[in-house]
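Just so it is clear: chains get the letters A, B, ... in the order the sequence lines come, proteins before strands, and each one is counted from 1.
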Number of protein chains: 2
Amino acid sequence: MAPSRSGPNLSRIATSLGVSVATVSNALSGKGRVSGQLIERIREHAAELGYVPSQAGRALRTGRSGVLGLVLPDIANPLFPKIAQAIEFAASAAGYGVLIADSRGDIATQTEAIDRLVERGVDGMIVIPRRATRISSTTCPVAIIDTPSTPGNTVSADHWQGGREIADHLADLGHRHILIIGNNQESSVQNDRVGGIRAGMRPGMHSETLWIDRLEQDGGRGCPLGLAEKARQGFTAFAALSDLQALRALTELQQAGVNVPADVSVTGFDDLIWSPVVTPSLTTVRMDMDRIAGIAVSALVATIRANRIREGMLVTAEIERVAMQLIVRQSSGPAKPAPETSEPKT
Amino acid sequence: MAPSRSGPNLSRIATSLGVSVATVSNALSGKGRVSGQLIERIREHAAELGYVPSQAGRALRTGRSGVLGLVLPDIANPLFPKIAQAIEFAASAAGYGVLIADSRGDIATQTEAIDRLVERGVDGMIVIPRRATRISSTTCPVAIIDTPSTPGNTVSADHWQGGREIADHLADLGHRHILIIGNNQESSVQNDRVGGIRAGMRPGMHSETLWIDRLEQDGGRGCPLGLAEKARQGFTAFAALSDLQALRALTELQQAGVNVPADVSVTGFDDLIWSPVVTPSLTTVRMDMDRIAGIAVSALVATIRANRIREGMLVTAEIERVAMQLIVRQSSGPAKPAPETSEPKT
DNA sequence: CTGAAAGCGCTTACAG
DNA sequence: CTGAAAGCGCTTACAG
């Protein structure tokens, strides 16, 4: 015999009330024609019994699980918790549960994670892909959150425009020599940001990009990036491609006795949790996670509602770009007039 | 008619192979007695067809969903992503999916989230409760991750012992006047940590606790904690109750021209992502998330496997405490001999 | 070793 | 307005 559930089911409510299960189902869902009075009685009784509908039964019957999958590369990376939260908000507002799968930054794991989600019967999924992965067609609708430079049905922040915001801000403050600090030349997000910053250079401005190998300091022993030296060479603004790198830059400069923002400005990207907490608080650029998550989830939900499941379905035909917003805090300020040499040595 | 799935089901494999669904099911699961040869044929054919078992059907039949719920207060809080990741690892290694529910720090939402997870048919759940919440008994096994000071079946890091590690470390370095910095007097985690630090004070040592109202700086305009002044008063060590506060302290001191670790030491808790990244890298105390998650998940899985679902079942009779580990980095060093006054003014 | 049958809980045409 | 019945896909005793 199949095991029965702990709680009451439709049939128990039905017999206990002397009506049919169909009527109970209709009354509870408000779908079939049931007299107002009976609806009342049934709902009351169901609540009394603490009836909880079985998702398994419903899913089997309707072919819908009411669950969305979320695949991300590494939730411990400080950028993703916010987006995961925004997706959970949006999904749960739309009545969906969220099944997470952390692909641990690994492509094979990502593929496997996607398969597992399909097995679990998700109605659709949102994938934040590992760097430049193409998602092989799956058996359910997929929305991708990535860079605009990724081809396909993607929603994303406009990282390039975010870069322009930074460039404009620094230009307005009179900075002419900008050191861009990144840690991953393969990242399309970082490349888009660099592209935006460069495109925002005005006549007489000049930028140079420093790629850091390792963000952590080796064994805690410290291996400075030589930023104080860069400041001496004439760079007055340090534009990091993420707040984590901005933090690295900010603290190294402070430790070296370079004052931020009096001597040099530091900016970041992403408005991560510590940005408003550090001294000086960090000027950065924020993406509207709620908006991005909302677009992805509602595109997904619309597809699920409209169509039956089809092979490798993608939910957005066009790429959606969501504007990033500049947050000016204390770490950026007017450029100091160049000291002796106006042209930094390279 | 009920909608049929996109992919093949047992019945299709069965007819296509001229055997019964029971045999196919047995062959695939390896349970009933099926001849080796037939098993081979069936599995091959299933793979060829790209058969994916329906979780809905299985769940309905077995009463198990193969999914665990994870309820947490705020996944954007930097402490939780790591634990969420560890839980996802452990669960997925045990063959379970993880449905997340972010309670947004709100107790009502937390209750609702738990109900929703039950509706979705999770086999068990892990709750990281909002501050000092008691979990009302639910219809499925529950494991709680919290402080040891929480009563009930809880697994947790030993925050008190973590505090002792910090106190011992600072004492060994010769520090006598310790300023403890916290931001939440209601938090049992922070109180346990304070308790541990205080308990580790040696004769001649003295500590004072500073509770910060707001971690962020108001509107980015800056509202210093007055730590430089505290340093002048004779405090040589600043023990923050979390790395975020440590970061606040570290950058404020640096900005004020106080050198860390030459002038004063700064320590944190939790080994968050930026701890090894800042200059100087941060001495902190780490909890073994993998261990905690492993204990919670395996206790849950064992309960699920052993018993049928019962009302408000709790999975661990005893509180499990997992030791925290001191990570010494550059932000802590030998105490400077006290300047003029050895007794700090309070 | 293999198959026929029941049943998990639900929803949805359809008949009354 | 209400009910009887079919069926979603699976697993598990049970019979052969």
Side-chain angles (χ1 to χ4, degrees), chain A residues 1-43 46 49-66 118-121 123 139 308-309, chain B residues 1-43 46 49-66 118-121 123 139 308-309:
Chain A
M1 236 198 65
S4 64
R5 299 199 305 157
S6 45
N9 55 20
L10 282 190
S11 150
R12 180 149 138 219
I13 299 177
T15 53
S16 144
L17 237 42
V19 296
S20 76
V21 286
T23 301
V24 176
S25 172
N26 283 331
L28 258 27
S29 68
K31 277 192 177 167
R33 265 146 294 270
V34 185
S35 67
Q37 210 186 347
L38 188 49
I39 288 188
E40 210 47 48
R41 274 217 302 153
I42 290 175
R43 292 206 172 151
L49 256 46
Y51 170 69
V52 179
S54 154
Q55 275 297 327
R58 184 174 288 172
L60 184 54
R61 171 63 223 221
T62 62
R64 302 273 169 85
S65 63
V118 171
E119 277 184 46
R120 296 226 132 84
D123 291 341
T139 186
R308 296 270 140 203
I309 295 164
Chain B
M1 236 198 67
S4 64
R5 300 197 304 156
S6 47
N9 55 20
L10 282 191
S11 152
R12 180 149 140 220
I13 299 177
T15 52
S16 144
L17 239 41
V19 297
S20 75
V21 287
T23 301
V24 177
S25 172
N26 284 331
L28 258 27
S29 68
K31 276 190 178 168
R33 263 146 296 272
V34 185
S35 67
Q37 210 186 344
L38 190 49
I39 289 187
E40 209 49 44
R41 273 216 304 153
I42 291 175
R43 294 204 170 152
L49 256 46
Y51 170 70
V52 180
S54 153
Q55 275 296 326
R58 185 175 287 170
L60 184 54
R61 171 63 224 222
T62 61
R64 303 273 170 83
S65 62
V118 170
E119 277 183 43
R120 295 227 133 80
D123 292 341
T139 185
R308 294 274 140 200
I309 296 164

Please report the closest heavy-atom contact between Leu28(B) and Ala46(B), naming both atoms and the distance. CD1-CB, 4.2 Å
Starting from C1' on dC10(D), measure out to CZ on Arg64(B) and report it in whole angstrom. 15 Å
Pull out every protein N or O sitting under 3.5 Å from an N or O of nucleotides 14-16 of chain C, one pair per line with the distance.
none

From the set dC10(D), dT2(D), dT11(C), return the single nucleotide nearest to any side-chain atom of Tyr51(B). dC10(D)
Below 4.0 Å: OP1/OP2 of dT2(C) and any side-chain N or O of Ser35(B): yes
Between Leu10(A) and Ser25(A) the two heavy atoms that sit nearest each other are CD1-CB, 3.8 Å
Contact under 4.0 Å: Lys31(A) side-chain N or O vs dT11(C) OP1/OP2: no
Residues in side-chain contact (heavy atoms from CB on, under 4.5 Å) contact with Ser29(A), at least two apart in sequence or another chain: Lys31(A)
By a strict heavy-atom criterion of less than 4.0 Å, which residues belonging to residues 12-29 of chain A are in contact with DNA chain C? Ala22(A), Ser25(A), Asn26(A)
Given dC10(D), dT2(C), dT2(D), which nucleotide is nearest the side-chain atoms of Leu38(B)? dT2(C)
Would you indicate which nucleotide in dC8(C), dC10(D), dT11(C) comes nearest to any side-chain atom of Thr62(A)? dT11(C)
For Ala22(A), the side-chain contact (heavy atoms from CB on, under 4.5 Å) test, sequence neighbours excluded, returns Ser20(A)
Once side-chain contact (heavy atoms from CB on, under 4.5 Å) is applied, do any residues pair with Ala56(B), and if so which ones, sequence neighbours excluded? Ala59(A), Leu60(A), Ser54(B)
Kindly give the heavy-atom pair with the smallest separation between Val52(B) and Glu119(A), and that separation in Å. CG1-CG, 3.4 Å
Output all residues satisfying side-chain hydrogen bond (donor to acceptor under 3.5 Å, both in side chains) with Ser16(B), sequence neighbours left out; order by chain, then residue number. His45(B)
Closest heavy-atom pair, Arg58(B) versus Pro53(B), reported as atoms and distance to 0.1 Å, is NH2-CB, 3.4 Å
Without decimals, in angstroms, what is the distance between Leu10(B) CG and dA4(C) C1'? 15 Å
Could you check whether any side-chain N or O of Arg12(B) sits under 3.5 Å from a backbone N or O of Tyr51(B), counting only pairs where one atom can act as donor and the other as acceptor? no
In whole Å, what is the span from the CD1 atom of Ile42(A) to the P atom of dG3(D)? 8 Å
Can you check the Gln55(A) CD to dC8(C) C1' distance for me, whole Å? 15 Å
Is there a side-chain contact between Leu38(B) and Thr23(B) (heavy atoms, below 4.5 Å)? yes
Treating Arg120(A) as the side-chain partner and Gly66(B) as the backbone partner, does any N or O pair qualify as donor plus acceptor under 3.5 Å? yes
Output the pairing pattern of DNA chain C as a dot-bracket string, 5' first, Watson-Crick or G-U wobble with both distances under 3.5 Å, | for cross-strand pairs, [ ] for crossing pairs. |||.||||||||.|||
dG9(D) phosphate, OP1 or OP2: any side-chain N/O from Arg58(B) under 4.0 angstrom? no
